[in-house]
Amino acid sequence: MSSELTRWLRLRWRSLFRPRVKEDELRREVQFHLDQLVAEKMADGMAPAEAREQAIKEFGGMDQYIEEVRDSWRPSFLRDILHDLRYSFRQFRKAPSFTLIVILTVAVGIGASTAIFSIVNSVAFQPLGYANPEQLVEIRQEWPDRRNGVTPLRVTMEELQERAAVFSEVAGYGSLHGNMTGVGIPVRVFGNSVTLNYFSALGVKPMLGRDFLPEEGIEGKSDVIILNHAFWRDHFNADPAVINTTVFINGRPYTIVGVMPEGFRTEPGSPKAFTPLVTNPIVTFQRYLRSVIARLKPGQTVEQAQAELDVLSQSLQATDSELWKDLKLRAVPMLDYQVGDTRPTLFLLLGAVGFLLLIACVNVANLLLARTSSRQREIALRTALGADRRRVIRQLLTESVFLASLGGISGILLAYGTMSVLLSFAPVNLPRVDEIKLDGFALLFSSLLTILTGIGFGLVPALQASKVDLHTALKDGGRTGGGGRRSTRLRNGLVITEIALALTLLIGSGLLLRTFTNLMSTDLGYNGDDLYAERVMHLPDKYPDNDSRIEFALRALDQIATKPEILSAAFSSGLPYYGSRGARLDIESRSNPDADELPFVRVVSVTPDYFRTLGNTLLRGRHFDDHDRQDGQPVAVVTEEFVRRHFPDQDPIGQQVALVENESREWREIVGITNDMKWTGIAPKPASIVFVPYVQYATTGHPQAVVRVRPGAANPGPMVAAAIQAVDDGMPMTHEMSHIKVFDGNSIGTQKFMLFLFSVFSTIALLLAALGIFGVMSYTVSQRTNEFGVRIALGASAGDVFKIVFLHTAKLVTVGLIIGTLSSLALTQLLESVLFGVDPHDLRTIGVMGLGLIFVSALSAYLPARRACRVDPMVALRAE
Amino acid sequence: MKSLRTDLLQGTLDLLILKTLSTAQLHGWDIAKRIAIVSSDRLTLKQGSLYPALHRLENKGLIEAEWGVSEAGRSAKFYRLTRAGRKHLAVERTEWNAFAQAMANVLEMEEEQ
C-alpha cells in the first residue's frame, strides 16, 4: 500500500514539477519503438528512407500521441475542478441575481457568526495573559451574612500562605483611589495596591523599569508606583523617561519605578496604576484587600485546592468562633472570575447568531434546491451525453462550494468591517474588549463553516438532481421534473424551519425592545441629565477630624454657589453608582440590644441641597435645611423602600431610629420620606437608604461633590476645581467630573448591546424568511402553471387560483408559527436575566411578532400569487 | 482475414495491453508485436495509440514501468502488471466474456427470425 502511495506520489511529483525529464523519457521511449519498426522494415529489404516513411505512417502521428500522453499527466482532478469552476462561473453569469442573493445570504450568516464567535472566543475562552494562567485561582471568602467592619482577609492570606500546601504563591490587592497631579492635567486614578509578590505570582514582569523590591512593603519606603500600559500611553505619552520621575496621588509623592506591558489586566476593568500594599495601611487607601489570588503548584487541581480550603476554613472556625464564624473559602479559576459574569450573555448572542446562520443556510439550500430542479433538463442532457452520476454530483457540489466560498470570503470581510461598529455598542462592563480581534481560530471556524455549509446545502439538491430519470426529465422538458412529492415536501419543510427560526429571533428582540423601553421609562428617583459628580480627596494630615472636613465642605459649597453655570450643589457620602456606607439599624419601638442581629441599611450623609440637586422628590414630611445643626436634634430622611421594609404597617414620621456603627446608639427622628432612588443601576431594585445631615454624621473616606448645571452646559470640572482650590489650593482635583447620565447608560449596556444585535439579527432573519417564501412560492407557481391553466380554462376565476397559492403559503406559515412559538416559549427563558418588566412568555410580544411575520409572509406570497392568476390558459397548455 | 475495427470499442486496447503484460515484462514495441502475433494480425492498431494507453494505465496504477535494456542492448522502458492491474484484468475479462456471450445470443436470435 505504502509502496503504491510512493509510486503515485512520484508520478504526480514528476508530472507536476519535472515535466521536462518526463517528456524526454517519453520521446526516448517512442523513438525506441520507431527505431525497432524501421529496423524491421529494413530487415524486410526496404531502403532506409522508405522504411522510415513507412514506419512513421504505421505508428501514426507521433506528436499527436505525445500530446495525448501529456494530457494524461496533468492530474485529472485539478483539470476537472478547473473545468467545473469555469462551468459554474458561466452558470452564475447566466443567473446574476440568484448568485448575488446566495452570496449575500451566506455572507451575512457567516459574517455575523464570525464576528460574534470572535467576541465570545476572545473574551470567554482565550487564556489570560499570565504565565500558565490555568494555575491561577481567585480566592473568595463568603459569609452567609456579611459582618460589619470585619474583613480579616489579610490574616487569611497569611494563613493561606502557611497552611495551604497546594499553592506555590499567594498574593492580593486592595483599592487605590486618588487624584494624580504633577502630570499636566490632573487625572483620577483607579488602581490597585498590591502585595509585593503580586506580579511574580502572576508571572508578569514590568515592560519598563522594575518590579517592587522586598523593602517597599514597609511604611516610609512604599512611595513607589508602577503604571499600567494604557495609562502610561494616554497620560505620559508613552515616554520611557518617566521612570524615576515623581507624581502625586492625593498630594503624596510617588516615584514611578515601572510600566506594565500592554494588555496587562487584573480584574474586570483595567487598573491604571499599582502601588505596594503596606502592612500598616494609611487612611487614603482603602484599608482592606479586595481580592486574593493564588498560584497552584504544578500538577495541582482547583478541586484539590478547594478541598484544602474547606479544611482550612473549618479549622479557622474552630480557633476563633466570633471572627471566623460561617466563613467559607472558595477557589475560582482566574478566567471564570474575570469573565464568568459575561458568559451567559455571550452564549445567548452565540445562540442568536447560530439561529441566523441556520436561517441563512436553510435559505440558500432552498434557493439551490429550486434552481437545481429547474436545471433538471440540463442535467438529464449531460447524463445522456455520457457524464456519470459522480461527475454530475461533483459539478453541482463545485458550484455550491464555490458559491459558499465567495459568500464566506465576503462574510469574513463583512465581519472585519462591522467588528468596530459592533464593539462600539459593547457594554462597558464587557471585559477584555481590547483583546477582541478576528483571530485565527475564528477564521478557521468560519472557513470550516463555509465549506460545510457549501457541502451541506449542495449535497441534497445534488443527490436529488442526479437521480433524475432520464426519460421523464427529457420528455417533460424539465418543467415538471423537479416537482416530485419528496422535493416539494423538503422545500416546504425548509420554509417552515425558516419561519420558526425567524419568529423565535423576532420574539427575542421584541422582549428586549420592551425591556429597553421599560428601562428608559423607569423612574430613577433622580435626574441624571446635567448632573455631575466627583470625589473630593481629603488629605489625612490636612483634614484629621470630622469638624475640619465639615468646615471645608461648607466653605467649598459657598464658593461653588458663586459660579453662574451651576444651579445647585451638595456634598454627600453617597451617590448613585458611587456606593455608600452601611450600618446596622435599630428602631426604638422594638430595640434589640444584640447588634449582630440588626439589619443593614445604607447610610448617606448629605448637605441640605442634596435632594434638590439630584432632582429627588419629597413625598412626606420635610427634607433637611440649615436648621439641622451639628448640635441640634438628630434627624433622618428615609426612602420609600426603607419604609416598605421597616415600617410596613406604621407611620415612620416621628419614629426614632439609630445607626449602629460602634457600641453607641444615637437616636434620631425620621422627619421625611423621599422618593425611591435607583442606586446601583436602572434595572436593580431601589435601595433602602437613611439620609442624615452632613453636619450630624462622622465623615470618613472621601465625600463626593455633586452639582447640577444649566441644561446642556459643558462639563463643570474646571469650574468646580477652581472653586474648591480657592478654599484649599493643595486639593488635588481633576478637570473632568463624571456625568451621572453616562453611568445610567452604562448600567443598561448589556441590554442595549443585546437589543442592538437581536434587532439586527431578527431583521435579517425576517428578510431571509420573506425571500424564502417568495422563492418557494414562485417556484411552485411555475411548476403548477399547467394546472392553473387547466383550472382557468375550466372556468376557475383568478380569485380561485389566487386563493390556492395563498392557502399553500398560509399552511406553511401556520405550521412555522406554531413551531416558532413553541420553541420561543422554551428558549426565551434564557433571556430572563437581562429582561426587565416583561415576562419571558409575554403573550403580547409573541402576538405582535407573529402578526408581523404573517404580514411579511403575505406580502412575499403576493407577487407569485398574482402571477399564478394571470396565467394564460392557452400559453400554459401549449407549454405541455 | 479482415482486420477488426478495434478502435470502436472503448477500453478494448487497455484490456489487450493488460492481458499481454500478464505473462511477461515487456516494452512497447514487444507489446505491439505480441498483440499482432496472438491475434494473427487481425487486431491491428496504430502503434502510436499504444503509448497514451500505456501512460493512462500507469497513472491508474494498473501497470508500472522501469527502464531496462532490450535484447538488442538498447535502453528501453519495460512495463509490468501491478497487483491492482491483475485484479482489474480478471474483472474485465469476466465482464468482457459476459458481454460477448450476450451479444452472441442476441445476434443468434435475430438470425432465427
Side-chain angles (χ1 to χ4, degrees), chain A residues 1-16 19 21-44 54-80 386 388, chain B residues 3 6-7 9-11 13-14 17 20 25-37 41 43-88:
Chain A
M1 190 63 216
S2 71
S3 78
E4 237 167 69
L5 189 70
T6 49
R7 192 180 48 76
W8 185 84
L9 283 174
R10 207 176 57 223
L11 269 175
R12 295 286 171 223
W13 173 261
R14 283 203 307 194
S15 60
L16 271 177
V21 176
K22 254 204 117 171
E23 177 123 9
D24 282 350
E25 280 184 9
L26 177 64
R27 287 196 180 277
R28 262 168 66 203
E29 190 182 6
V30 169
Q31 194 59 53
F32 171 75
H33 190 117
L34 270 176
D35 289 350
Q36 294 287 346
L37 207 52
V38 172
E40 195 186 60
K41 304 269 174 225
M42 278 164 62
D44 285 352
Q54 199 63 35
I56 288 174
K57 205 169 138 197
E58 220 164 279
F59 189 84
M62 182 167 155
D63 287 337
Q64 176 204 328
Y65 288 123
I66 285 179
E67 183 54 39
E68 211 176 296
V69 173
R70 224 187 265 139
D71 258 359
S72 77
W73 288 344
R74 277 183 209 121
S76 65
F77 65 97
L78 258 182
R79 203 178 44 207
D80 287 353
D388 66 7
Chain B
S3 292
T6 49
D7 54 321
L9 299 168
Q10 207 184 18
L13 180 56
D14 290 1
I17 292 172
T20 311
Q25 186 176 349
L26 300 167
H27 49 67
W29 166 253
D30 272 349
I31 295 170
K33 285 256 98 133
R34 290 230 179 171
I35 290 175
I37 291 166
D41 277 330
L43 294 172
T44 59
L45 41 95
K46 286 276 183 225
Q47 298 192 9
S49 68
L50 205 57
Y51 289 90
L54 281 170
H55 283 263
R56 195 168 55 238
L57 290 171
E58 190 185 2
N59 277 345
K60 280 187 189 163
L62 298 178
I63 60 175
E64 57 191 0
E66 64 186 354
W67 285 88
V69 182
S70 74
E71 304 95 272
R74 280 190 61 180
S75 89
K77 199 171 173 189
F78 286 85
Y79 293 90
R80 66 161 173 262
L81 274 192
T82 64
R83 189 144 21 115
R86 214 167 282 285
K87 244 184 255 166
H88 187 76

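Proteins get letters first, then strands, A, B, ... in listed order; numbering begins at 1 in each. Just so you know, these numbers come straight off a predicted model, no measurement behind them.
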As an exercise: rank B/Ala53, B/Ser70, B/Ser49, B/Gly28 by heavy-atom pairs under 4.5 Å with chain A and give me the winner. B/Ser49

ring-ring contact (aromatic ring centres under 6.0 Å, His included) against A/Phe32, all qualifying residues, sequence neighbours excluded: B/His27

Pair count under 4.5 Å, heavy atoms only, with chain B: among A/Glu40, A/His33, A/Gln36, highest is A/His33

Here the gap from B/Phe78 atom CZ to A/Glu29 atom CD, rounded to the nearest 0.5 Å, amounts to 11.0 Å

Check this for me: A/Arg28, atom CZ, are more than 12 non-hydrogen atoms of other residues, nucleotides or ligands nearer than 6.0 Å? yes

Report the residues that fulfil ring-ring contact (aromatic ring centres under 6.0 Å, His included) with B/His88, sequence neighbours left out, ordered by chain and then residue number. none

By a 4.5 Å heavy-atom criterion (distance strictly below it), what part of A/Leu34 contacts chain B: side chain, backbone, both, or neither? neither

